[in-house]
Amino acid sequence: MYIEFVIVDNFMLTYLAGALAARLCHIKARVWRLIVASTVGTAVAVFYPFIVSIWLSLAVKLGLWVILSIIMYIKTPRCCVSAVVFLGCTFALGGACYAVELCLCGGKNVTEFVMKYPIFLVMSCGVIVYIGGRYCIRRLRVPRVRAPYEYGTEVSVFDTTIKFAAFLDTGNCVFDARSGLPVIITDIERFTDKLDGMAAVKFAKVLPTLRTITASTPAGTAVIYLVQPNEITVYSDRQWHKINAMVGLIGDGRRFSDTHEMLLCPAAMTEVV
């Protein structure tokens with residue numbers, strides 16, 4: 001019974017901790033890397049009871065943390081930060097599961113707990129912490145200004161709201177000739193990634209019907225798809241206001257950086273609703 005508990009417990013919590021850390025650090029960890037890391041962590045955890053020395057146990061766990069972090073984040077930006085956040089998420093998920101065991105079984109031992117209660121009870125606790133963490137990330141993180149030209153931007157479109165870390169680009173002078181509105185620009189891949197399931201389906205349906213414009217950039221000529229949002233909110237430090245603008249999507253394979261996911265048009269900042 002102990003082996004089954006360790007396998008399920010460690011695999012699931014390692015996967016959730018790795019995925020949550022990636023979310024917190026604004027990176028995309030590949031699923032296969034998370035699975036490999038969870039498998040390695042579970043395989044090592046099976047032998048923890050046979051390690052007598054506390055110092056050896058600590059060394060093994062620290063070494064395992066480094067190895068798992070390398071597997072999951074080695075090819076992502078800010079991999080060291082992600083590794084530290086992963087450690088914190090591991091403590092958070094493990095602590096939540098132990099809290100359930102402590103309340104229901106006095107924290108005596110894993111075997112007694114598993115015999116008295118179904119294993120999914122602890123697993124459910126980890127899942128709840130994971131879902132709660134993702135919810136807080138999505139709802140409580142308001143992009144704030146880090147420099148005079150950096151803004152947080154929320155775009156309401158296709159019955160959902162998506163957030164961007166935007167840059168006020170003085171070189172962005174793109175306008176939609178038909179509506180007369182300035183155009184704030186992002187790449188189509190990032191825009192699609194931020195949409196939830198239903199919104200992504202709606203976007204895929206209307207994509208062939210979207211109007212396009214051609215704009216000249218330092219990288220050459222770009223074809224931009226125009227999307228009419230329901231509402232755009234721009235954050236500057238602790239202040240915010242709504243603006244009128246079109247959302248332009250560059251669809252030729254270009255992808256903006258993680259720091260500046262969207263380019264604001266200076267004229268858009270004067271189009272206050």
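In the hydrophobic clustering of this structure, V84 does not group with Y73; members are Ile, Leu, Val, Met, Phe, Trp, Tyr whose side-chain heavy atoms approach within less than 4.5 Å, directly or through other members. Cluster annotation: L226 is not connected to V223 through the hydrophobic network of ILVMFWY side chains, with a link wherever side-chain heavy atoms come within less than 4.5 Å. Taking hydrophobic clusters as Ile, Leu, Val, Met, Phe, Trp and Tyr residues chained together by side-chain heavy-atom distances below 4.5 Å, L207 does not share a cluster with M198. V201 and V157 fall into different hydrophobic clusters, defined by Ile, Leu, Val, Met, Phe, Trp and Tyr side-chain heavy atoms under 4.5 Å apart, directly or through other members.
Ion pair E261/K194 flagged as a salt bridge, since at least one NZ, NE, NH1 or NH2 atom sits closer than 4.0 Å to an Asp/Glu carboxylate oxygen. Ion pairing of D193 with R190 is absent here, as no side-chain N (NZ or NE/NH1/NH2) approaches a carboxylate O to less than 4.0 Å.
Rounding to the nearest 0.5 angstrom, the gap separating the CD1 atom in I71 from the OG atom in S38 is 9.5 Å. To the nearest 0.5 angstrom, I188 atom CD1 is 10.5 Å from I250 atom CD1. Put simply, CD1 on I185 and SG on C265 are 8.0 Å apart, with the number rounded to the nearest 0.5 Å. To the nearest 0.5 angstrom, M72 atom CE is 9.0 Å from S82 atom OG.
Residue T233 forms a side chain to side chain donor-acceptor pair (under 3.5 Å) with just one option from H241, K163, K242, and that option is K242.
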Chi angles and distances behind the side-chain contact (heavy atoms from CB on, under 4.5 Å) call for R30, L34: CA-CA 7 Å; R30 296 185 178 275; L34 294 174; over 6 Å; no
Dump the intermediate steps for side-chain contact (heavy atoms from CB on, under 4.5 Å) on I213 and V174, then the final yes or no. CA-CA 9 Å; I213 59 175; V174 180; 3.6 Å; yes
Can you check side-chain contact (heavy atoms from CB on, under 4.5 Å) on Y225 and V247, steps first, answer last? CA-CA 8 Å; Y225 294 87; V247 177; over 6 Å; no
What do the steps show when you test M262 against Y151 for side-chain contact (heavy atoms from CB on, under 4.5 Å), and what is the final call? CA-CA 9 Å; M262 175 175 281; Y151 294 82; over 6 Å; no
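When all heavy atoms are compared, the tightest approach of A245 to I184 is CB-CG2, 4.3 Å. Scanning both residues, C89 and A17, for their nearest heavy atoms gives CB-O, 3.8 Å. A pairwise comparison of heavy atoms in M246 and P229 identifies CA-CD, 4.3 Å as the closest pair. Pairing each heavy atom of A166 with each of L264, the nearest pair is CB-CG, 3.7 Å. The two residues F175 and A267 make their nearest non-hydrogen contact at CZ-CB, 3.4 Å.
Contact annotation: the side chain of T161 never approaches that of V155 to less than 4.5 Å [non-hydrogen atoms, C-beta and beyond]. In this structure, the side chains of V40 and L64 come closer than 4.5 Å at one or more pairs of heavy atoms. With contacts defined as side-chain heavy-atom distances shorter than 4.5 Å, the pair T153/I232 qualifies. Using a 4.5 Å heavy-atom cutoff, the side chains of I224 and L249 are not in contact. Side-chain contact between L13 and T90 is absent, with no heavy-atom pair separated by less than 4.5 Å.
For the pair S156 (side chain) and N230 (backbone), a donor-acceptor distance under 3.5 Å is absent. With hydrogens and angles disregarded, a donor-acceptor distance shorter than 3.5 Å links the side chain of W65 to the backbone of A83.
The number of heavy-atom neighbours closer than 6.0 Å to CD1 of I54, taken from other residues, nucleotides and ligands shown, is 12 or below.
With sequence neighbours excluded, the residues that form a side chain to side chain donor-acceptor pair (under 3.5 Å) with D176 are S179, R211. Legend: residues meeting ring-ring contact (aromatic ring centres under 6.0 Å, His included) with F191, ordered by chain and number and at least two apart, are F203.
Pairs of residues two or more places apart, or lying in two chains, that qualify as side chain to side chain donor-acceptor pair (under 3.5 Å) and include a residue from residues 200-209 are D159-K202.
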